[in-house]
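Chain A is the first sequence line, chain B the second, and so forth, proteins listed ahead of strands; every chain is numbered from 1.
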Amino acid sequence: MERYNFKEAEVKWQTVWEERRCFAASEDADRPKYYVLEMFPYPSGRIHMGHVRNYTLGDLVARYKRARGFNVLHPMGWDAFGLPAENAAKENKVHPAAWTHDNIDTMRQQLKSMGLSYDWAREVTTCDPEYYRHEQKMFLDFLEHGLAYRKESWVNWDPVEKTVLANEQVIDGRGWRSGAPVEKRQLAQWFLRITAFADDLLETLESLERWPGRVRLMQEKWIGRSQGLRMFFALKGRGDRLEVYTTRADTIFGATFCAIAANHPLALELAEGDADLAAFVAECNRLGTSEAAIKTAGKEGYDTGLRALHPFARGRELPVFVANFVLMEYGAGAIFGCPAHDQRDLEFARRYGLDVVPVVLPPDADAASYAIGDEAYLDDGSVINSDFLNGLSVEEAKAEVAHRLNAAGAGKPAVIYRLRDWGVSRQRYWGCPIPVVHCADCGIVPVPEADLPVRLPGDADLEAPGNPLENHPTWAQVDCPGCGKPARRETDTFDTFFESSWYFARFCSPRADTAFLRDSVDYWLPVDQYIGGIEHAVLHLLYSRFFTRALKQCGYLGIKEPFAGLLTQGMICHETYRDADGGKWLYPEDVIGAQDGSLVHATTGAPVTVGRSEKMSKSRNNVVDPQAIIDAYGADTARLFMLSDSPPDRDLDWTDAGIDGAWRYVNRLWRMVAEPKAALVAVGSPMPGDLSPAAGTAHRAIHKTIANVSADLDKFHFNKAVARVRELTNLLEDLDGAEDGWVLREGLETVARLIGPMMPHLAEEMWQRLGHETLLAETSWPEADESLLEEDTVTVAVQVNGKLRGTVRLPKDSDRESATSAALDLDNVVKAVGGRPVRKVIVVPNRIINVVV
RNA sequence: GCGGGCGUGGCGGAAAUGGUAGACGCGCGGGACUCAAAAUCCCGUUCCUUCACUGGAGUGUGAGUUCGAGUCUCACCGCCCGCACCA
């Protein structure tokens, strides 16, 4: 028996598609456009399974929409700046540019072997000056429009490497390479004013109907709009006041302390005269800048000795603590603590023996005996122990406090956001240079547009400690564009989220001399379907939404939302294996099945402990290299596996058995066409006047499958679409009579067309073997014959008291009475009713009949 | 710590709007073909009970709403993702 030669077929069709430029996109006002985009990869070396999944999903959408008549734009590029290139430079003494370009060459070749329908002529690489010069121009425009500014902010500083560390490079408060305790340092850095759009970014979320609800919710929480009160506490023995922010002004009478952040100006001032406080502040700073690290640390505080005066309760003094859980970046960097109604404050109060005074009484509680235990009370109630607020609701009390403080000049209502401005400065080499010059006389001077791009030097020393651009002997030396005197270039580069915040627009006119052509972005944008990992739910997606607004404000384009539709895919997981004794992680290829069915090490024969399926990662040794799969089974098999079984937004378990199953199906399909069971009629033969009963059933099933698969693809239920095609395949295999030749051809052609977006090489091969001279890639999607979709009888379930007792076949849309009598006639129903009086019969037409006795 | 999500057979997963739980696949069991194996094909496969019919239980756990709950409500348990310098 002949086998499907995928190696030959896949290369053959890839070549044909490329030669015929099947996937080249150009603007065409007469056809509806559809822009499909997958998140472009960081060129880390080789593609991984996550890429295979992401790009399989995108390619399916692109090919499907193309078949449906859309003018499809489907581009690919490289998010090529980033930290790993610098790490590789340090570890392997290879230049980041060379390393990156090698990786891109490898990965491009790998992606091409998957048969993805990209318009490769639009490929962009973000580390190319032809790309990044445009974002330097954008930055200058942002500066001009007040969207970029400079301020001091905190970074993780490694004193040994003399470098700023990313949060992921800080492990237990130490630098990952040096092991030295990390210090927090303040540096002047560039920021983009994303908070200027906070309200708009929040409100427009609602209109993003084709985004997953959870992503919208996460962004909403991230922006974190809150309506509260800025209030000012007089400080005993000092002239200045302490500003705090609160959303719970109603609990002011329950306040028993104030707390300020470790790097609050007041804390720093007091620390100068208090060595213990200085030590405590230093201790807080060792936690680094990550919010998770700060918030998970045990609640610690230091009593500064200062006393804040309660604004209403005369003579009541609140101790002022420095506390490690108060963030300088949020609100005023200071709070008042009301332990009874805030869990963090409660834990802090218990630890330091502070009073816990309940001021909101739950609806069903008794005022005299009510006390707080281990849990703060957060809900509504009536206010108690609060002088003039007593008896009010929480909302009424908030309003009253705001009113009184405002009148007294001790507070004013304020809307604040959790969202902070986007810090874009990075003290790194492998990023886009920030195009400004620092001049002793003129201050900060933008690099003139004519001098762009500011290019990275090729000869930076990447191994010496510190920032390579800062260390470079000549690169930063430049004459001030303003006064002409010697000055210094900015030596920071952009955050790499900068590049990914506008690449979708660059793809519209990737070779344009400007960032993009207005006509092109007007035609192609917004992206109709964006596909990528859920891990980007907030940062990348929010930055891109902001960037688009900023570009609009600067006149680059006319839209504010870059992505109309979003699909977030799940991760790829795989079983994990460990040594039974040592607990060492083992590679899947070193694990084999023993004769008794247990798993053992392939070379040593030692028993292996099987762990649960976890996200593929190098540290757990549970990665499977997609190249090995593509080499052994072909791209179509790998693609099919990615689409079957798991819905795209859920995690996918990689299993060897699953890939074998996909492989079997690929071969089965091929055999059905290579060795058809019945003689097929010629291409384009008209439908015979009458079909055999089996053929008639198959004919209806074919059209139902077309309708169902189309609906499933529209809803991204790819796993269900695969299941439906398999069902049709099973049915077609039962056709073998000579009179079925016409329907068999209809079925096989339909299958080929339906799997076209999933397994494009196999589909082309089938199409050709079925006698077509056209390309399936250029063939339209099949249409279902509506008249074949409706059944005239339906199976209706019959329940007695909610328990299934049988089914009846009924004409579609039978009336209540005939349905009821048919149901009551069933033997099983008679038995279950057992002569009891029927109280009620519920009839849901064409679905269910429930007899209640 | 905060924010978001997920939980259905041995396994991955199906079940618009509350209406026949388990489509499709994997695995497993039995059979056919074969000297044998591979490949392929056929039958079966939620669990308990039964030769079978039948009956009972069942969607992480516990309550609730309903004629009817995988789906809605509340509480709990477990796992996963993000937290602003990884991308």
Side-chain angles (χ1 to χ4, degrees), chain A residues 1 3 39 41-42 44 79 81-84 155-156 164-170 212-215 217-222 224 289-299 325 329 343-344 347 418-428 495-497 500 533-540 542-543 570-571 573 612-615 644-647 649-653 655-658 660-662 664-665 667-668 671 711 715 717 719-720 722-727 730 733 795-807 828 831 839-842 844 847-853:
Chain A
M1 192 189 297
R3 277 272 197 110
M39 290 179 185
Y42 178 76
S44 53
D79 189 13
F81 276 136
L83 214 39
V155 294
N156 300 308
V164 176
L165 297 178
N167 283 333
E168 72 156 13
Q169 297 174 319
V170 179
R214 62 170 160 155
V215 174
L217 198 55
M218 277 194 245
Q219 292 210 352
E220 183 186 324
K221 301 286 182 185
W222 185 266
T289 59
S290 138
E291 188 183 316
I294 293 167
K295 292 283 190 68
T296 47
K299 299 202 172 22
F325 64 93
E329 291 80 15
Q343 192 61 31
R344 289 161 305 182
E347 283 166 34
R418 208 186 74 99
L419 180 69
R420 308 197 294 262
D421 276 336
W422 174 15
V424 293
S425 295
R426 297 290 181 271
Q427 296 67 41
R428 315 213 183 279
D495 176 8
T496 57
F497 275 125
S500 56
I534 184 70
E535 65 273 21
H536 295 290
V538 176
L539 291 182
H540 161 59
L542 192 60
Y543 289 150
M571 295 175 304
C573 300
R612 63 189 181 84
S613 186
E614 294 189 65
K615 177 183 179 174
S644 330
D645 297 351
S646 292
D649 57 344
R650 275 217 230 167
D651 288 353
L652 179 145
D653 256 314
T655 61
D656 293 344
D660 284 339
R664 278 202 293 272
Y665 184 59
N667 281 288
R668 198 170 140 209
R671 274 197 309 275
K715 286 183 285 188
H717 293 171
N719 55 326
K720 285 167 65 185
V722 171
R724 300 213 136 113
V725 178
R726 293 187 93 127
E727 258 178 320
N730 292 343
E733 284 198 321
T795 306
V796 176
V798 182
Q799 299 180 333
V800 177
N801 283 351
K803 277 192 192 296
L804 182 71
R805 297 296 172 187
T807 58
N828 248 344
K831 207 160 81 186
R839 274 224 330 257
K840 187 152 98 172
V841 180
I842 289 146
V844 181
R847 292 228 144 198
I848 203 165
I849 299 160
N850 190 11
V851 180
V852 185
V853 298

Consider the side chain of [X], meaning its heavy atoms from C-beta on, and name the nucleotide among [options] that approaches it most closely.
{"X": "A:Ser290", "options": "B:A84, B:C26, B:G4", "value": "B:A84"}
{"X": "A:Asp653", "options": "B:G12, B:G13, B:C24", "value": "B:G12"}
{"X": "A:Arg650", "options": "B:A87, B:C85, B:G7", "value": "B:G7"}

Partner of [N] by Watson-Crick or G-U wobble geometry, both contacts under 3.5 Å, or none?
{"N": "B:G7", "answer": "B:C77"}
{"N": "B:G1", "answer": "B:C83"}
{"N": "B:G44", "answer": "B:C28"}
{"N": "B:G19", "answer": "B:C67"}
{"N": "B:C53", "answer": "none"}

With a 4.0 Å cutoff (strictly under), does any side-chain N or O of A:Arg426 reach OP1 or OP2 of B:C85?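 Yes, within the criterion.
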
A:Lys803 side-chain N/O to B:A57 phosphate OP1/OP2 under 4.0 Å: yes

Take atom [atom1] of [X] and atom [atom2] of [N], then tell me their distance rounded to the nearest Å.
{"X": "A:Lys615", "N": "B:C6", "atom1": "NZ", "atom2": "C1'", "answer": "16 Å"}
{"X": "A:Arg839", "N": "B:U66", "atom1": "CZ", "atom2": "C1'", "answer": "13 Å"}
{"X": "A:Asp656", "N": "B:G25", "atom1": "CG", "atom2": "C1'", "answer": "16 Å"}
{"X": "A:Asn730", "N": "B:C26", "atom1": "CG", "atom2": "P", "answer": "10 Å"}
{"X": "A:Arg418", "N": "B:A84", "atom1": "CZ", "atom2": "C1'", "answer": "8 Å"}

Hey, are A:Arg668 and A:Asn730 close enough side-chain-wise for a donor-acceptor pair under 3.5 Å?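 A donor-acceptor contact under 3.5 Å links the two side chains.
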
Is there a donor and acceptor pair closer than 3.5 Å between the side chain of [X] and the base of [N]?
{"X": "A:Gln427", "N": "B:C85", "value": "yes"}
{"X": "A:Asp645", "N": "B:G13", "value": "no"}
{"X": "A:Arg724", "N": "B:C24", "value": "no"}

B:G12 glycosidic torsion: syn (within 90° of 0) vs anti: anti

Pick base, sugar-phosphate or nothing for [X], based on heavy-atom distances below 4.0 Å to the nucleic acid.
{"X": "A:Phe497", "answer": "base"}
{"X": "A:Arg726", "answer": "sugar-phosphate"}
{"X": "A:Ile294", "answer": "nothing"}
{"X": "A:Met571", "answer": "sugar-phosphate"}
{"X": "A:Asp651", "answer": "sugar-phosphate"}
{"X": "A:Glu291", "answer": "base"}

Return the orientation label for the A:Phe497 and A:Trp422 ring planes: parallel under 30°, perpendicular over 60°, tilted otherwise. perpendicular

